[in-house]
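Right, one structure below, let's go through it.
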Amino acid sequence: MSLRVQAEKDLAHILENPKHFGWPLSVTDPDGNTNSDVIYGSSGDIGQVIDPDLGVAVAGRKAYVSIRISTLQDQGLCIPVAVPEKSKKPWRIGISDVNGNSYCFYVIDSMPDRTIGMVTCEIGLYE
Amino acid sequence: MISDLINKQDSFEVVRDKIALILATESESQQSLAVAAGEDPAQWKLRVFTERSQPWNDWYVSGAPTDRAPIINVWYENGSFDSSSGDVIKTQLHRAIFNVDCIGLGVAKNTDAGHDSADELAAKEAQRAAKLVRNILMSGVYTRLDLTGTVFRRWVNSISLFQPNLSENSAFNALGARISLAVDFNETSPQVSGQPLELISIDITRSEDGQILAETDFIHTGAP
């Protein structure tokens with residue numbers, strides 16, 4: 001078996017094992033299609049140091065999810081991307097933090113890694 | 001030696017605090033006017049601070065920001081003293097630059113048509129706050145910043161907005177609009193305390209024959 005194929009299969013343990021860092025989440029595309037089965041992925045939501053000089057960004061909270069692409073495809077979904085058009089709904093990610101608080105995020109940026117079949121999305125709060 | 005304790009505020013401190021007070025007071029007043037006009041007063045709410053480096057930290061600590069009113073931070077950046085305006089003893093003209101940073105928060109939201117993204121909302125919120133601040137500070141009501149006799153001139157030099165770094169996608173966006181406000185005013189400094197003098201009064205009169213007559217009246221406390 002190719003090492004790339006093996007690496008892709010390893011994502012089931014690295015990203016999707018709920019006994020490790022696998023975390024349940026929902027994915028909804030701009031047309032409203034969502035996963036019918038629970039999807040597990042890796043996610044994070046952390047604060048950042050803020051640069052007090054306004055010459056650079058003053059935003060200071062970073063959230064992301066990493067999802068196995070084959071799992072998205074199994075659910076009839078494609079790779080989430082940022083949607084710049086205001087006339088469309090964005091890709092939305094539903095997720096809870098470790099304390100049980102639920103949040104809805106939208107995809108700001110998408111970085112697919114087709115070498116091993118994983119996509120990492122930077123996400124923002126969505127109301 | 002300077003005989004008195006220097007415990008006064010310099011004019012630049014007074015002016016900085018006055019700018020913040022004007023903005024906070026006018027924000028309250030505008031909210032009242034908005035209520036009377038049937039508008040949402042939240043659109044006129046400003047959270048005003050002075051000399052802060054990170055007054056927006058609470059936005060990032062809570063799961064979802066609660067108080068989302070624009071943050072205004074007034075701080076003294078620099079001052080210059082024109083040697084041709086003033087004197088070497090007491091009063092000098094201080095040309096100061098105060099930065100009024102207007103920080104807007106953007107959280108993406110669902111709309112009937114689609115969605116509004118956080119970066120766009122943050123930029124428009126910062127610009128909206130800057131608009132309010134500029135209108136307040138350049139209002140004819142505050143030509144002298146309510147410090148007539150001290151402040152001679154106030155002027156918005158520039159408004160600068162900063163786009164967030166594209167590599168710094170965040171869970172939500174905050175953006176700053178910096179208003180550079182030039183203010184001219186006088187600064188004073190401690191003066192020499194005079195020594196008490198012995199009082200001497202002299203009455204000088206001219207007599208009919210032209211003679212000058214001088215009459216003095218004093219208490220002599222010195223050495224004989």
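Below, read A as the first sequence line, B as the second, and so on, with proteins coming before strands; counting in each chain starts at 1. Fair warning: this is a prediction, and the values are worked out from it, not measured in the lab.
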Are there residues of residues 89-107 of chain A that reach to under 4.5 Å of chain B by heavy atoms, and which ones?
A:K89, A:P90, A:Y103, A:Y106
Would you say NZ of B:K109 has more than 12 non-hydrogen atoms from neighbouring residues, nucleotides or ligands within 6.0 angstrom?
no
Measure B:N73 against the heavy atoms of chain A and call it side chain, backbone, both or neither at under 4.5 Å.
neither
Verify, without hydrogens or angle tests, whether B:H115 (side chain) and A:K88 (backbone) share a donor-acceptor contact under 3.5 angstrom.
yes
More than 12 non-hydrogen atoms from neighbouring residues, nucleotides or ligands closer than 6.0 Å to CZ on B:F12, yes or no?
yes
Sorted by number, residues from residues 74-82 of chain B in contact with chain A (heavy atoms, under 4.5 Å):
none
Within this structure, what is the OG1-NZ distance for the pair B:T111 and A:K86, rounded to the nearest 0.5 Å?
7.5 Å
Nearest non-hydrogen partners of B:P65 and A:L125, listed with the distance
CD-CD1, 4.0 Å
Going from CG on B:N173 to CD1 on A:I108, what distance comes out if it is rounded to the nearest 0.5 angstrom?
6.5 Å
Under the side chain to side chain donor-acceptor pair (under 3.5 Å) rule, what pairs show up with a residue in residues 136-158 of chain B, not counting sequence neighbours?
B:E26-B:Y142
Test side-chain hydrogen bond (donor to acceptor under 3.5 Å, both in side chains) applied to A:D37 - qualifying residues, sequence neighbours left out:
A:Q75
